[in-house]
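The structure under discussion appears below in the form of structure tokens.
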Amino acid sequence: FTGDFHAIGAANNLLAAMLDNHIHQGNALGIDTRRITWKRCVDMNDRQLRNIVCGLGGKVNGVPREDGFDITVASEIMAVFCLASSMADLKERLSRIVVAYTYDEKPVTAGDLGAAANLTYQNRNVFHGSEIFSLKFRTAFEAIRGLKGYADQNYFEYSIEGGLQFPDFIFPFVSHDFRRRSRANTEFNLMYASQNRPEFHRRVLTAAWKYRWNSKERNSQHRFDLLDINYVFMPWISDTFYKTYIENPESRNAIIAYNYKNLFIVKLGYQYLYSSVGLATPMGIYGKDAYTLRLGVETAGNLLHGICNLAETKVNEDGQRTLFNIAYAQYAKFDFDICKSIRFSNRTSMAMHFALGIACPYGNSDILPYEKRYFSGGANSVRGWSVRSLGPGAFMGSDGNIDFINQTGDIKLDMSVELRMHLFWKVDGALFVDAGNIWTLRDYKDQPGGQFRWDTCWEQIAVAYGLGLRLNLNYFLLRFDAG
């Protein structure tokens, strides 16, 4: 942030855009659009822009309201910038700027809003042989207030990811005939992410070496992750979070305790994808007589387990082998997914979906890493439940602070049948029935009723039904469902 006129104006108008976007996305804060005090700014004294009406043009263009422009030098951000004594002081002062009032007459500050930004650089011929180099930056901010037992500390996320893709197999012993028949890519990726929350600070370092190739007919794709290394580092955990969920024997949560420690995940995996109409077909199998099949296998920790056993490395207090005093995850995971579409006529079709996933921790792990656990509910699962609000098994979440952890499992089942009918223009209607749930392989005390058992699992399959609309624009599809 340089403080020049352009930076001041950009910051001012970003805040205005965040405010209008918050209202457009549902207005969770209950902002009264008649009492918005924050105006946009322009580096020009244009009296015609002092009072305007914005948000016209229909629903997709925002909410109509009165607005206006100040001259940039008169922006409150300029005043705050001049008064701030440090970067930390500047952030604090900016977060206290009042931008509007709610219907309950309460002030809304800039710190009550959140935003995320992504910046990507790509060079598609970096070594003059069709190699693709990419660099991605991401930053996110979310205001967090009133979290009981924690300081009012906002959420910040920063990440940087670099990737290099070669249009060939970079591996010895690959035959010339195989190279000629396959459209192959070799990918190398490196990523660092930093997440700061009131409960904890988390750092993630990832390195990967992957292969991807298509068949000559382009109806199937193979992906092989030769090496995927993840290092999760927790530099700080708040006393409240640590004492409540990790240290206290009465309220200790085993899943949280495992996933909020330093951890190595070194995995390899294979994924196969097949489409009867070709992978490059716009809209996939939607409305066609066709099917897709996806298979995935993944294992982690076996290489490290062999090395650590040979080297007789230290065992921690939880009985886990460690490398550089850091435990590593060990598990196996299998996923199967099939979709079938049946076309009855030009206006009517049916889609069926079945998916099954099983992940088993073993050896050095009793619990799966959080990123590898399954969840149920949401737009791509059982649509009568919101994301991470169903299961495992008969378990019912009761602690809103940690249900996002507890409502995960080791087994996932998803099934659906959907009848689609053309209504008008590019709009289709849909009637659907979904069924499924998640389960754990082991009986965890924090998830009572969540373990998979053959004699009770069929009773725990959740069923949802509903209606939907599909906006079919031929090159992409928008779904609106009520379940």
Side-chain angles (χ1 to χ4, degrees), residues 1 3 6-43 49-118 138-158 195-199 386 400-401 404:
F1 191 83
H6 177 268
I8 296 291
N12 185 103
N13 294 334
L14 172 61
L15 181 54
M18 289 167 55
L19 179 62
D20 284 323
N21 183 67
H22 177 87
I23 296 170
H24 178 70
Q25 298 295 338
N27 198 4
L29 294 174
I31 296 172
D32 187 347
T33 56
R34 301 164 300 179
R35 301 199 61 196
I36 294 176
T37 59
W38 190 255
K39 292 186 176 183
R40 289 167 164 80
C41 72
V42 62
D43 188 21
L49 296 178
R50 292 174 185 172
N51 294 283
I52 63 170
V53 175
C54 65
L56 302 178
K59 184 177 180 179
V60 298
N61 291 312
V63 178
R65 67 176 183 87
E66 291 187 24
D67 198 359
F69 281 80
D70 291 327
I71 192 169
T72 301
V73 292
S75 167
E76 188 171 347
I77 288 184
M78 175 65 83
V80 167
F81 176 73
C82 294
L83 293 171
S85 59
S86 64
M87 183 60 74
D89 185 40
L90 176 63
K91 291 180 179 179
E92 181 62 27
R93 288 175 180 270
L94 289 173
S95 69
R96 295 200 304 262
I97 294 176
V98 175
V99 296
Y101 292 87
T102 68
Y103 291 108
D104 298 329
E105 305 293 330
K106 296 179 180 179
V108 177
T109 66
D112 293 324
L113 304 172
N118 296 276
R138 170 181 165 81
T139 182
F141 163 82
E142 178 185 350
I144 300 178
R145 295 288 187 272
L147 200 59
K148 188 176 180 180
Y150 301 93
D152 284 338
Q153 178 183 339
N154 297 324
Y155 169 71
F156 289 97
E157 177 185 343
Y158 310 93
Q195 302 165 349
N196 290 351
R197 289 187 57 88
E199 307 98 315
S386 58
N401 291 326
F404 73 98

Note, [X] side chain near [Y] side chain (heavy atom, < 4.5 Å):
{"X": "Val63", "Y": "Asn27", "value": "no"}
{"X": "Ile52", "Y": "Lys39", "value": "no"}
{"X": "Ile31", "Y": "Val99", "value": "no"}

Quick one: pull up [atom1] in [X] and [atom2] in [Y] and give me the separation to the nearest 0.5 Å.
{"X": "Ile23", "Y": "Thr33", "atom1": "CD1", "atom2": "OG1", "answer": "6.5 Å"}
{"X": "Leu15", "Y": "Ser75", "atom1": "CG", "atom2": "OG", "answer": "9.0 Å"}
{"X": "Trp38", "Y": "Asp70", "atom1": "CH2", "atom2": "CG", "answer": "8.5 Å"}

Specify the closest pair of heavy atoms between Gly9 and Cys41, including all atoms of both residues, with the distance to one decimal.
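Of all heavy-atom pairs spanning Gly9 and Cys41, the closest is CA-SG, 3.5 Å.
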Non-hydrogen atoms of His24 and Lys59 that approach each other most closely:
CE1-O, 3.0 Å
Listed once per pair and sorted, the salt bridge (charged side-chain N to carboxylate O under 4.0 Å, His left out) pairs that draw on residues 7-21, sequence neighbours left out:
Asp20-Arg40, Asp20-Arg65
Sort out for me which residue in Thr37, Ile77, Val108 forms a side chain to side chain contact (heavy atoms under 4.5 Å, CB included) with Ile97.
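The residue from Thr37, Ile77, Val108 that satisfies side chain to side chain contact (heavy atoms under 4.5 Å, CB included) with Ile97 turns out to be Ile77.
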Looking at Val80, Thr72, Val73, which one forms a side chain to side chain contact (heavy atoms under 4.5 Å, CB included) with Ile8?
Thr72
Side-chain (Asn21) to main-chain (Ala17) donor-acceptor, under 3.5 angstrom:
no
Could you tell me which residues satisfy side-chain hydrogen bond (donor to acceptor under 3.5 Å, both in side chains) with Asp32, sequence neighbours excluded, listed by chain and number?
Arg34
Could you tell me whether His6 atom NE2 has more than 12 heavy atoms of other residues or ligands within 6.0 Å of it?
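It does not: His6 NE2 has 12 such atoms or fewer within range.
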